[in-house]
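Mind having a look at this structure? Questions to follow.
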Amino acid sequence: MLRCRVCGGAVRECLDFGRQPVSSAFVDPAHTGAELFFRLAVGFCTSCTMVQQLEEVPRDEMFRFDYPYRSSGSTVMRKHFQQTARQLLDTELTGPDPFAVEIGSNDGILLQDIAEAGVRHLGVDPSGEAAEVARAKGIRVRVEFFEESTARAIRAEHGPADVIFSANTISHIAYIDSIFRGVDALLAPNGVFVFEDRYLGDIIEHTYFDQIYDEHFYLFSIHSVQAMAAQFGFALVGAERLPVHGGAVRYTVARAGARRPAPEVAELLARERELGLGLPETYERFAANIRRTRDDLLALLRRLRAEGHRIVGYGATQKSATVANYCGIGPDLVSAVYDSTREKQGRLTPGVHIPVLPPEEFGAPYPAYALLFAWNHAEEIMAKERQFRESGGRWILYVPDVHIV
Ligand code: SAH
Ligand code: TMP
Ligand code: ZN
């Protein structure tokens, strides 16, 4: 029987996407052939309800020194983290010499404002090239995986942290017990561990099935995070819904008994109970919706291609690895995908090998249709590429269902 990585309870399998590549492993066209595949399958714990993957991809295969994702590619996300930094500075980092640690600091999108405010800080991220970008902004980074031993070393060198922050990273870490032991070792007695991640409730409600890929090992809900915090001697004292990435939640965790939970925690928990996130039927419905989206999307792409239209992709997201590989969308249907990340350009998407090109080439000339893989950045991208739509081009979206705009 499969055991829950958080509580040891029995895990029931509910989704199977089959063989999938490592979502960040964009392929050098000169060196194809050596890709790592794994089975992407998901289950939920019948005890603590945590939704989790059944096969763990080794962390060094995903978060390599040359990991290509750069957080600061989105101005909307930059603004979001600017506000987050401001909030932390105003509420938690107010003592005489506060210290903030970020797990998964990437290119410094959040820490840059903490650094500019002159607050002691440290980013921890194994992606060395992203860390170089952060360092160039004056941010201190340790190029390492955060785990218990890293936390102890940081504590010995810098003293306790008033805030340990993390965005879109804690859910990526299968060895969650080591993370919480690390937080326990590093956090000041009244400090807070604040992390935000995509929300399971939104993923199921809107059929965001592409949020499931190797890196997203856990899909958090408020209930499962509360149980997880309790499991490791902490308590969930804050929960805030966020509009980013299709719907996320910011969790505030403190040592058990140290802080009184905000009323929003109970309110959001009550609302969440109606979603049935611990029930098998919920996942059966989700699986049926996913199959329908796959069938609809494939039918649409095939029809448009048969009519002679050129279709491209927009945003070589890691999410799109699941869409393309699960649905079987290769260069025959989507001839290229445009993406602003220099590290992805000139490469092929994982598994299905669609060439990634710079957005400057999107309009030379415009295709008839563009499949918006980066749907979570729709507003920003559609504004930027207004001319595509004005010259007759159409966007294809596949969430919450397949439609053309
Ligand atoms: N916080 C940024 C980056 C998210 S991408 C944002 O929200 O946009 C996830 C990042 O976590 C990557 O840069 C990856 O290298 C890093 N990461 C993965 N596992 C980690 C670990 N155990 N400790 C620290 N960073 C980790
Ligand atoms: P994400 O959904 O995981 O944040 O990835 C978004 C991808 O889309 C990333 O590879 C960068 C790319 N992108 C663009 O190409 N243009 C844009 O305007 C934005 C916001 C993102
Ligand atoms: Zn469990």
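Both ligands and their constituent atoms are indexed starting at 1 by order of listing.
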* Asked: What residue and heavy atom of the protein are closest to atom 21 (C) of ligand 1, and at what distance?
  ->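 Looking only at protein heavy atoms, the one closest to atom 21 (C) of ligand 1 is F146 N, 3.6 Å.
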
* To which protein heavy atom is atom 24 (C) of ligand 1 closest, and what is the distance rounded to 0.1 Å? ->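 Nearest neighbour among protein heavy atoms for atom 24 (C) of ligand 1, to 0.1 Å: V124 O, 3.4 Å.
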
* Backbone or side-chain N or O of E144 under 3.5 Å from ligand 1 N or O ->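 No - when backbone and side-chain N and O of E144 are compared with those of ligand 1, no distance drops under 3.5 Å.
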
* To do: Would you mind checking which non-hydrogen protein atom is closest to atom 22 (N) of ligand 1, with the distance to 0.1 Å?
  =>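 Looking only at protein heavy atoms, the one closest to atom 22 (N) of ligand 1 is Y175 OH, 3.0 Å.
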
* To do: Could you say whether the N/O atoms of H377 and ligand 2 ever approach to under 3.5 Å?
  =>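 Yes, there is a polar N/O contact under 3.5 Å.
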
* **For atom 7 (O) of ligand 1, the protein heavy atom that lies nearest, with its residue and separation** =>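 For this ligand atom, the closest protein heavy atom is N168 ND2, 2.8 Å.
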
* Sub-3.5 Å N/O-N/O distance, A167 and ligand 1 ->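 Yes: some nitrogen or oxygen of A167 is under 3.5 Å from one in ligand 1.
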
* **Closest protein heavy atom (residue, atom, distance) for atom 10 (O) of ligand 2** =>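 Checking every protein heavy atom, the shortest distance to atom 10 (O) of ligand 2 gives D339 OD2, 2.6 Å.
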
* Could you tell me whether some N/O pair between Y69 and ligand 1 is separated by less than 3.5 angstrom? =>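 No - when backbone and side-chain N and O of Y69 are compared with those of ligand 1, no distance drops under 3.5 Å.
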
* To do: Assign the ring pair F388 / Y366 to parallel, tilted or perpendicular, where the plane angle (0 to 90°) is split at 30° and 60°.
  =>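 Geometry flag for Y366 against F388: tilted rings.
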
* Asked: Numbering the atoms of ligand 2 from 1, which are under 4.0 Å from a heavy atom of K344?
  ->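 Near K344, the atoms of ligand 2 are 9 (C), 10 (O).
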
* **Atoms in ligand 2 flagged as close to T341, the criterion being non-hydrogen separation under 4.0 Å** =>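 Heavy-atom distances to T341 below 4.0 Å select 9 (C), 10 (O), 11 (C).
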
* How are the rings of F220 and F195 set to each other: parallel, tilted or perpendicular (split at 30° and 60°)? ->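 Ring orientation, 0 to 90° scale: perpendicular.
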
* To do: Determine the minimum heavy-atom distance between A188 and D162, stating which atoms define it.
  =>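 Result for this residue pair: CB-OD1, 4.3 Å.
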
* Atoms in ligand 2 flagged as close to T317, the criterion being non-hydrogen separation under 4.0 Å ->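 Ligand 2 atoms under the 4.0 Å threshold to T317: 2 (O), 5 (O), 6 (C), 7 (C).
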
* Could you find the nearest protein heavy atom to atom 18 (O) of ligand 2 and give me its residue, atom name and distance? =>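 Checked against all protein heavy atoms, atom 18 (O) of ligand 2 sits closest to K384 NZ, 2.4 Å.
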
* To do: Tell me which protein heavy atom sits closest to atom 26 (C) of ligand 1, plus the residue, atom name and distance to 0.1 Å.
  =>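 Ranking protein heavy atoms by distance from atom 26 (C) of ligand 1, first comes P126 CD, 3.4 Å.
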
* Where is the nearest protein heavy atom to atom 16 (C) of ligand 1: which residue, which atom, and how far? ->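 In this structure, atom 16 (C) of ligand 1 has D125 OD2, 3.4 Å as its nearest protein heavy atom.
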
* Asked: Which one holds for F65 and ligand 1: side chain close, backbone close, both close, or neither close, with close meaning a heavy atom under 4.0 Å?
  ->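 Neither part.
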
* Does an N or O from S71, backbone or side chain, lie closer than 3.5 Å to an N or O of ligand 1? ->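 Looking only at distances, the answer is yes, because the N/O contact criterion of under 3.5 Å is met.
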
* To do: Tell me, with the steps shown, if Y199 and E272 meet side chain to side chain donor-acceptor pair (under 3.5 Å).
  => CA-CA 11 Å; Y199 180 48; E272 187 172 274; 2.6 Å; yes

* Asked: E380: heavy atom below 4.0 Å from ligand 2, yes or no?
  ->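 Within the 4.0 Å threshold, so yes.
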
* With a cut-off of 4.0 Å, which atoms of ligand 2 are near a heavy atom of G315? ->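 Every atom of ligand 2 under 4.0 Å from some heavy atom of G315: 8 (O).
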
* Where the Zn ion (ligand 3) is the centre, what is the SG-to-SG angle for C45 and C48, rounded to 10°? ->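 That angle is 110°.
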
* Using atom types as modelled and distance alone, determine if a side-chain donor or acceptor of T349 lies under 3.5 Å from a backbone N or O of I354. =>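 Checking the backbone N and O of I354 against the side chain of T349, a donor-acceptor pair under 3.5 Å is found.
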
* **Contact summary for T341 and R70, nearest pair of heavy atoms** =>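 The answer is CG2-CG, 4.3 Å.
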
* To do: Ignoring angles and geometry beyond distance, decide whether N376 reaches within less than 3.5 Å of ligand 2 through its nitrogen or oxygen atoms.
  =>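 There is such a contact, yes.
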
* Atom indices of ligand 2 within 4.0 angstrom of K319 heavy atoms, with elements ->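 This gives 1 (P), 2 (O), 3 (O) as the contact atoms.
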
* **Geometric class of the H245/H377 ring pair [parallel <30°, tilted 30-60°, perpendicular >60°]** =>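 Aromatic pair H377/H245 classed perpendicular.
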
* **At the Zn ion (ligand 3): angle between C4 atom SG and C7 atom SG, to 10 degrees** =>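 SG of C4 and SG of C7 make an angle of 110° at the Zn ion (ligand 3), to the nearest 10°.
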
* Out of Y69, F362, F26, whose heavy atom is nearest to atom 4 (O) of ligand 2? ->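 Selected option, by shortest heavy-atom distance: Y69.
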
* To do: Could you say whether the N/O atoms of I109 and ligand 1 ever approach to under 3.5 Å?
  =>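 Between I109 and ligand 1, no N or O pair is found under 3.5 Å apart.
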
* Mind running salt bridge (Lys or Arg N to Asp or Glu O under 4.0 Å) on D295 and R291 for me, showing each step along the way? => CA-CA 6 Å; D295 295 347; R291 283 192 296 272; over 6 Å; no

* Asked: Tell me, which protein residue and heavy-atom name are nearest atom 16 (N) of ligand 2, and how many Å apart are they?
  ->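 Ranking protein heavy atoms by distance from atom 16 (N) of ligand 2, first comes S340 OG, 3.5 Å.
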
* **Interfacing atoms of ligand 2 (cut-off 4.0 Å, heavy-atom, H245)** =>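 Reading through ligand 2 atom by atom, the close ones are 4 (O).
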
* To do: Quick one: pull up CD1 in I290 and CD1 in I204 and give me the separation to the nearest 0.5 Å.
  =>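 One finds 8.5 Å between CD1 of I290 and CD1 of I204.
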
* **Aromatic centroids of F234 and F180 separated by under 6.0 Å** =>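 Yes, close enough.
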
* Mind checking whether H172 has an N or O less than 3.5 Å away from an N or O of ligand 1? ->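 Between H172 and ligand 1 (N or O atoms, distance only) the closest approach is not under 3.5 Å.
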
